[in-house]
Each structure stands twice: as structure tokens, then as C-alpha cells.
Amino acid sequence: MFHVKQPDELETPLARELYENAGRLASVESQRLPRPAKTRIFTISNQKGGVGKTTTAVNIAAALASKGLNVLVIDLDPQGNASTALGIEHHAGVQSIYEVLVGDVPLESVIKVSPEMPGLTCVPATINLTGAELELVSMVAREQRLRTAIENYLETTMSPPDYIFIDCPPSLGLLTINAWVAAKEVLVPIQCEYYALEGVEQLENYINMIKKQLNRDLVISTVLLTMFDSRTNLATDVANEVRNHFPSEVLNSVIPRSVRVSEAPSYGKTVISYDRRSPGAISYLEAAIEIANRGAQLGR
Ligand code: ATP
Ligand code: MG
């Protein structure tokens with residue numbers, strides 16, 4: 001007869017962690033996600049660079065798609081990092097979100113299917129988008145161009161996605177404003193490091209301004225703590241500070257700093273398909289489940 005070890009009998013912290021991860025993954029795999037009645041449109045924003053916006057956009061999207069939902073990622077950053085992570089070509093010749101914003105090309109005609117998994121699609125960004133900030137300035141309804149493109153698409157498509165995630169550049173220009181006007185919800189990734197909340201107040205002020213003038217529905221619905229290092233007191237202090245500031249918006253799931261998360265894009269992959277059993281992938285799956293369940297509870 002075999003004796004199955006219980007967690008408190010496992011000798012090393014590593015063995016205990018592996019045991020716990022297996023349990024968390026089993027729980028994630030057993031859950032069915034609610035499908036929203038209407039497409040939920042998120043913009044991922046934080047004007048601070050490198051806080052995990054793109055990583056969060058592609059991995060939450062892939063996590064939801066891997067649970068059977070239809071998800072569209074719109075890459076609105078000229079760097080094209082979300083396109084890369086989703087395995088979508090985005091060299092200068094590719095039709096992209098730029099042609100939609102500046103050239104009136106319908107959104108539907110630039111949607112590409114990600115090789116990552118069924119149900120996951122992406123509108124790529126190319127380097128052309130760098131010029132869009134300036135070109136948009138003189139255009140009619142320059143703040144509403146993305147919103148109009150998405151509305152036209154949702155009105156005409158036979159199969160609207162369950163979720164749309166818009167990945168923003170680290171700036172507060174017209175591209176980001178277009179994302180705020182097009183979205184209903186803002187997801188703010190916050191890196192657990194010194195000065196984490198710096199800039200967040202400014203972000204809230206801008207979003208309130210957009211709410212008053214251009215998009216009444218916009219709300220910061222979700223805050224996600226990223227790159228958490230459990231070995232430091234600083235990360236825990238910062239997490240507590242962010243939870244005090246956003247008591248009902250911060251997800252319980254926290255994304256750990258993890259090598260697997262950072263190396264996945266170099267293979268043109270999300271961590272969800274690159275290494276689904278890794279702690280980073282499990283945390284993104286848990287965060288995605290929370291987003292879906294909270295949305296269902298709040299009727300979003
Ligand atoms: P930008 O402002 O330039 O658009 P961003 O906010 O989109 O940046 P990311 O590109 O997602 O940030 O992440 C910044 C860097 O940190 C990337 O190299 C990414 O691979 C790495 N990274 C993100 N999340 C994690 C994580 N949980 N563990 C380890 N590395 C991470
Ligand atoms: Mg980015």
C-alpha cells in the first residue's frame with residue numbers, strides 16, 4: 001500500500017510549493033466560466049512603463065480563451081509587444097489598428113487568429129502606429145475613432161467576442177484616450193515595487209475627466225498586482241498599500257515574478273500555452289477566473 005503524503009509531511013519548501021501548485025491548477029481546470037451577456041471591453045492602462053500591461057493583457061486573454069471564451073486583443077501600442085506574444089506578424093506591411101484609426105478600414109478585416117489557441121484573436125499594431133498620435137490630432141472625432149470602429153464591428157459581426165482587451169502604450173496621448181473612450185472597464189496592473197502608487201492618482205484624475213466628458217460608463221473595475229516577490233517585505237507592504245487604496249478593485253490573485261512569464265514572449269507565446277503548470281500561468285488563470293466571476297456577480 002502506498003502512503004500519500006500530506007502537505008505538512010513534505011520535507012522541503014519546494015516539494016510543498018509543487019504540491020500546492022498542483023492543487024491550484026486542478027481547481028482552475030475544474031471551473032467553468034460564466035459567459036458575459038454582452039462583450040466586456042477592457043483597456044489595460046498605467047502610464048508607467050514596464051509594469052506588466054502587455055503581459056497582463058495577453059495572459060488574461062489567453063487564460064479566458066483557454067477556458068472556452070472568445071477573446072479579442074487589440075494592440076494599441078506601436079511597440080507591438082502584444083502582437084508578438086500572441087504570435088501575430090506585425091511588420092510594417094501588415095494591415096493593423098493603424099489603418100482602422102486613420103484609414104477607416106473596418107476592424108473586422110484586420111482581426112487575425114492567434115496560433116496560441118482557438119477563440120483567441122488579435123488586431124496587431126505595427127510601427128506605423130507611431131505616427132497616429134500626430135495624424136489623429138487633425139481628424140474629426142479624434143477621441144472616438146476606436147470606439148466607433150468597435151461599435152460598428154460588434155453591430156455587424158455574427159460572433160461577437162466575450163471579451164475585448166486593449167493594450168495601451170505607457171503614455172497619456174490620443175491612443176490611450178481612444179482606448180478609454182472605447183472601453184467600459186479599466187484594468188490597472190500595478191508592479192509591487194517602490195513608488196507603485198505614484199502616478200495612479202494622476203491616472204484616476206484623467207479617467208474621471210474622460211468619464212465626465214467622453215465616456216460616462218468608464219470605471220476602474222480591476223486592479224492586478226504584478227511581479228510580486230514574496231521574499232521581500234517591500235512587496236508585501238506595497239500590496240497592502242494598494243489594497244487600502246482600491247479596497248474592492250484589487251483581485252485576490254497576485255502575479256508572482258516568474259522567469260517563465262518573462263521568457264514566453266520570446267517564443268511568440270503566452271505563458272498559458274508555454275507552461276500552463278508554472279506558478280505565473282496558474283496565477284493568471286486564477287486572476288482571469290476572478291475577473292469572469294466578479295463580472296457575473298456585478299452584472300457586467
Ligand atoms: P510598456 O509600458 O513598455 O508597454 P508593460 O507595462 O506592457 O511595458 P510588460 O512588457 O508586460 O510591461 O512587462 C515589462 C517586462 O517585465 C517584460 O520584459 C516582461 O516580460 C516582464 N514581466 C512582466 N511580468 C512579469 C512577471 N510576472 N515575472 C517576470 N517578468 C515579468
Ligand atoms: Mg506594453
Side-chain angles (χ1 to χ4, degrees), residues 17 21 24 42-63 73-88 90 96-97 122-127 129-130 132-133 165-173 175-176 178-180 186-200 202-203 206 222-232 234-235 238-239 242 250-251 253-288:
E17 193 185 321
N21 285 348
R24 286 169 62 199
F42 281 86
T43 175
I44 319 285
S45 17
N46 189 333
Q47 72 275 25
K48 207 164 173 184
V51 296
K53 290 182 288 296
T54 302
T55 307
T56 295
V58 300
N59 286 309
I60 295 285
V73 174
I74 299 179
D75 192 347
L76 201 61
D77 184 343
Q79 298 177 99
N81 295 150
S83 313
T84 303
L86 295 173
I88 307 288
H90 61 101
S96 65
I97 194 65
C122 172
V123 173
T126 64
I127 193 71
L129 194 57
T130 317
E133 291 273 9
F165 292 98
I166 307 167
D167 185 31
C168 284
S171 60
L172 297 173
L175 288 174
T176 298
N178 262 272
W180 286 336
V186 183
L187 190 170
V188 184
I190 297 186
Q191 187 180 347
C192 297
E193 54 147 35
Y194 223 53
Y195 304 128
L197 277 174
E198 204 180 64
V200 169
Q202 191 192 11
L203 181 66
Y206 274 105
T222 312
V223 174
L224 179 62
L225 297 165
T226 63
M227 294 184 238
F228 184 81
D229 186 345
S230 58
R231 294 165 305 180
T232 69
L234 174 67
V238 170
V242 176
V250 181
L251 298 180
S253 318
V254 172
I255 310 302
R257 189 173 276 286
S258 137
V259 177
R260 298 308 242 181
V261 171
S262 60
E263 64 191 13
S266 58
Y267 297 92
K269 285 184 166 297
T270 65
V271 76
I272 305 300
S273 69
Y274 177 61
D275 188 354
R276 192 178 177 87
R277 310 184 66 82
S278 65
I282 297 171
S283 297
Y284 268 119
L285 282 157
E286 289 172 340

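Just follow the structure's listing: the first ligand is 1, and inside any ligand the first atom is 1. Keep in mind that the numbers below use all heavy atoms, side chains included, and drop hydrogens, waters and symmetry copies.
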query: Considering only heavy atoms, does Ile255 approach ligand 1 within less than 4.0 Å through its side chain, its backbone, both, or neither?
result: side chain

- prompt: Where is the nearest protein heavy atom to atom 8 (O) of ligand 1: which residue, which atom, and how far?
  reply: Gly50 N, 3.1 Å

message: With a cut-off of 2.8 Å, does Thr54 put an N/O/S atom close enough to the Mg ion (ligand 2)?
response: yes

field: Heavy-atom nearest neighbour in the protein, as seen from atom 27 (N) of ligand 1, with distance rounded to 0.1 Å
entry: Pro256 O, 2.9 Å

- prompt: Side chain, backbone, both or neither: which part of Asp77 comes within less than 4.0 Å of ligand 1 when only heavy atoms are counted?
  reply: side chain

- prompt: Do the side chain of Asp275 and the main chain of Val271 share a donor and acceptor less than 3.5 angstrom apart?
  reply: no

Side chain to side chain, Leu175 and Cys168, heavy atoms closer than 4.5 Å: no

Proximal atoms of ligand 1 relative to Gly49 (non-hydrogen, under 4.0 Å): 2 (O)

task: Ignoring hydrogens and angles, tell me if any N or O in the side chain of Lys53 forms a donor-acceptor pair with the backbone of Asn46 under 3.5 Å.
output: yes

query: Tell me, which protein residue and heavy-atom name are nearest atom 21 (C) of ligand 1, and how many Å apart are they?
result: Ser262 CB, 4.3 Å

message: Please check this pair: side chain of Ser273 against backbone of Lys269, looking for a donor-acceptor N/O pair closer than 3.5 Å.
response: no

- request: Walk me through it: do Arg257 and Asp229 pass the test salt bridge (Lys or Arg N to Asp or Glu O under 4.0 Å)?
  value: CA-CA 6 Å; Arg257 189 173 276 286; Asp229 186 345; 5.4 Å; no

message: For atom 18 (O) of ligand 1, is there a protein heavy atom at a distance under 4.0 Å?
response: no

Polar atom proximity, Pro170 to ligand 1 (N or O, under 3.5 Å): no

query: Just checking, any donor-acceptor pair under 3.5 angstrom between side chains of His90 and Ser96?
result: no

message: Rounded at 0.5 Å granularity, tell me how far CG in Leu187 sits from CD1 in Ile60.
response: 6.5 Å

query: So, the side chain of Thr226 versus the backbone of Gly52: is there a donor-acceptor pair under 3.5 Å, distance only?
result: no

query: To which protein heavy atom is atom 28 (N) of ligand 1 closest, and what is the distance rounded to 0.1 Å?
result: Ser258 N, 2.8 Å

Side chain to side chain donor-acceptor pair (under 3.5 Å) between Tyr284 and Thr270, intermediate numbers included: CA-CA 10 Å; Tyr284 268 119; Thr270 65; over 6 Å; no

- prompt: Can you check whether Thr54 has an N/O within less than 3.5 Å of an N/O in ligand 1?
  reply: yes

- prompt: For atom 3 (O) of ligand 1, what's the nearest protein heavy atom and its distance?
  reply: Gln79 NE2, 3.4 Å

Shortest protein heavy-atom distance from atom 5 (P) of ligand 1, along with the residue and atom involved: Lys53 N, 3.4 Å

message: Is any side-chain heavy atom of Leu203 closer than 4.5 Å to one of Gln47?
response: yes

task: Check ligand 1 against Val51 and write out every atom of the ligand that is under 4.0 Å from a heavy-atom position of the residue.
output: 5 (P), 6 (O), 12 (O)

field: Nearest-neighbour protein heavy atom for atom 9 (P) of ligand 1, which is reported as residue plus atom name and distance
entry: Thr55 OG1, 3.5 Å

- line: closest protein heavy atom to atom 12 (O) of ligand 1 is Gly52 N, 3.0 Å

message: Is atom 15 (C) of ligand 1 near the protein, in the sense that some protein heavy atom lies at less than 4.0 Å from it?
response: no

